[in-house]
Amino acid sequence: MKKYGILAYPAKHSLSPAMHNAAFRELKMDSEYRVYEIPEPEFGDFLKTVKHEPISGLSVSLPYKEVIFKHLNVVDEDVKKIEACNTVFNKGGILYGYNTDHVGSNMALEEVVGNLNGAQVCVMGAGGAARAIVYGLKKSGADVVIVNRSQEKAQKLAEEMGASVGDLSCSGDILIQATSVWTLNPDTSLEEFAPREFVSGFDIVMDIVYKPLSTPLLAMAADIGKQVVTGEKMLLYQGVKQFEIWTGEKAPVEVMREALILNL
Ligand code: ATR
């Protein structure tokens with residue numbers, strides 16, 4: 001049996017096991033996906049286990065997306081640019097690092113827009129999540145404007161990725177909420193963070209938050225009559241891409257989607 005899993009701390013609430021195990025069952029693969037909730041002092045020893053047990057593939061989440069770097073044998077170009085690795089593939093003891101987060105956000109949007117080339121996109125946020133999203137958008141040929149509380153961070157990310165910096169007066173085709181504002185400050189006023197007039201300036205609104213699925217921003221966007229993209233889609237498609245890297249098989253997307261939604 002091949003072993004896969006999520007490496008994170010904490011990791012208990014991850015939806016990835018449900019999604020990947022459903023895919024393995026569907027394709028009748030003798031494989032299992034577990035939770036590897038590893039505290040930082042045990043991280044070094046765990047990586048030895050990955051090579052020797054062996055564990056064939058890992059989804060990597062907080063706080064290891066950057067730390068894992070120096071333990072990889074082969075680092076994909078996307079990982080270097082995004083400076084984060086969310087996928088490890090163990091091929092005969094050689095650890096390959098990939099980033100599928102940016103593929104996930106692109107595919108979630110492509111479900112709706114088909115092609116991102118030339119799309120005018122505004123990304124709210126300039127942290128780790130926004131970084132992968134902006135990278136993916138630029139790779140697909142979109143025009144990206146970054147709006148962030150800290151102008152300095154927005155400027156730095158924009159320069160690195162070939163995007164520009166905007167404010168709450170900008171408009172376009174797609175608006176993406178990629179900050180951790182409500183995770184960190186649940187009392188933040190939506191009207192202050194994303195005024196109705198600002199949201200009205202876009203056709204499609206995506207929020208990367210998936211708990212709850214309908215966030216206050218998406219509820220407002222739907223109320224104005226905008227098309228909304230819920231956050232579980234990015235999670236789904238980053239997993240779909242992971243599955244395909246690990247197995248070389250086409251992922252059963254609808255089975256994975258159903259497993260994800262059932263476990264939300
Ligand atoms: P993540 O990995 O989730 O992206 P992060 O790298 O810590 O987390 O980035 C958090 C993002 O959420 C940043 O863009 C941050 O804005 P700043 O760069 O100004 O710090 C944004 N953020 C967090 N709390 C916020 C708040 N209360 N209002 C607005 N933006 C907030």
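Order of appearance sets the numbers: ligands from 1, and atoms from 1 within every ligand. Values below: every heavy atom of this structure, side chains too, minus hydrogens, waters and symmetry copies.
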Go through it in stages, so that I can follow the logic: the residues are Lys241 and Glu244, the test is salt bridge (Lys or Arg N to Asp or Glu O under 4.0 Å), and I'd like the CA-CA distance, side-chain angles, deciding distance and then a yes or no.
CA-CA 5 Å; Lys241 182 69 184 171; Glu244 294 183 347; 5.5 Å; no
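- When only interatomic distances are considered, the shortest N/O to N/O separation between Ala126 and ligand 1 falls below 3.5 Å.
- Between the side chains of Gln120 and Asp143, a donor-acceptor pair is found at a separation under 3.5 Å.
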Salt bridge (Lys or Arg N to Asp or Glu O under 4.0 Å) assessment of Lys81 paired with Asp78
CA-CA 5 Å; Lys81 299 258 171 61; Asp78 299 329; over 6 Å; no
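- Each of the atoms 18 (O) of ligand 1 lies under 4.0 Å from some heavy atom of Lys153.
- Contact annotation for Asn148 and ligand 1: only side-chain heavy atoms (C-beta onward) come within less than 4.0 Å of the ligand.
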Would you sort out whether Leu213 and Glu232 count as a side-chain contact (heavy atoms from CB on, under 4.5 Å), showing the intermediate values?
CA-CA 7 Å; Leu213 212 49; Glu232 92 291 355; 3.2 Å; yes
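- Within the 4.0 Å cut-off (strictly below), a protein heavy atom is located near atom 28 (N) of ligand 1.
- Here the heavy atom of the protein found nearest to atom 19 (O) of ligand 1 is Ser150 N, 2.8 Å.
- Residues Tyr237 and Glu111 have side chains that bring a donor and an acceptor to within less than 3.5 angstrom of each other.
- The residue among Ser180, Gly128, Gly125 with a heavy atom at the shortest distance from atom 6 (O) of ligand 1 is Gly128.
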Step by step, work out the salt bridge (Lys or Arg N to Asp or Glu O under 4.0 Å) result for Glu160 and Lys156.
CA-CA 6 Å; Glu160 276 181 73; Lys156 190 166 174 291; 3.4 Å; yes
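- Close approach of ligand 1 to Asn185 is summarised as follows: ligand atoms under 4.0 Å from at least one heavy atom of the residue are 27 (N).
- At the top of the distance list for atom 21 (C) of ligand 1, counting protein heavy atoms only, stands Thr179 CB, 3.6 Å.
- The nearest non-hydrogen atom to atom 5 (P) of ligand 1, considering only Ala154, Gly127, Ala178, comes from Gly127.
- Counting heavy atoms closer than 4.0 Å to ligand 1, residue Arg149 contributes atoms from both its backbone and its side chain.
- The ligand atoms of ligand 1 that sit less than 4.0 angstrom from a heavy atom of Ala129 are 1 (P), 2 (O), 4 (O).
- Contact atoms of ligand 1 toward Leu184: 23 (C), 24 (N) (distance under 4.0 Å to a heavy atom of the residue).
- Cation-pi geometry between Lys91 and Tyr96 is satisfied (NZ or CZ under 6.0 Å from the ring centre, within 45° of the ring normal).
- Of the possible donor and acceptor atoms, none in the side chain of Glu83 sits under 3.5 Å from a partner among the backbone N and O of Lys80.
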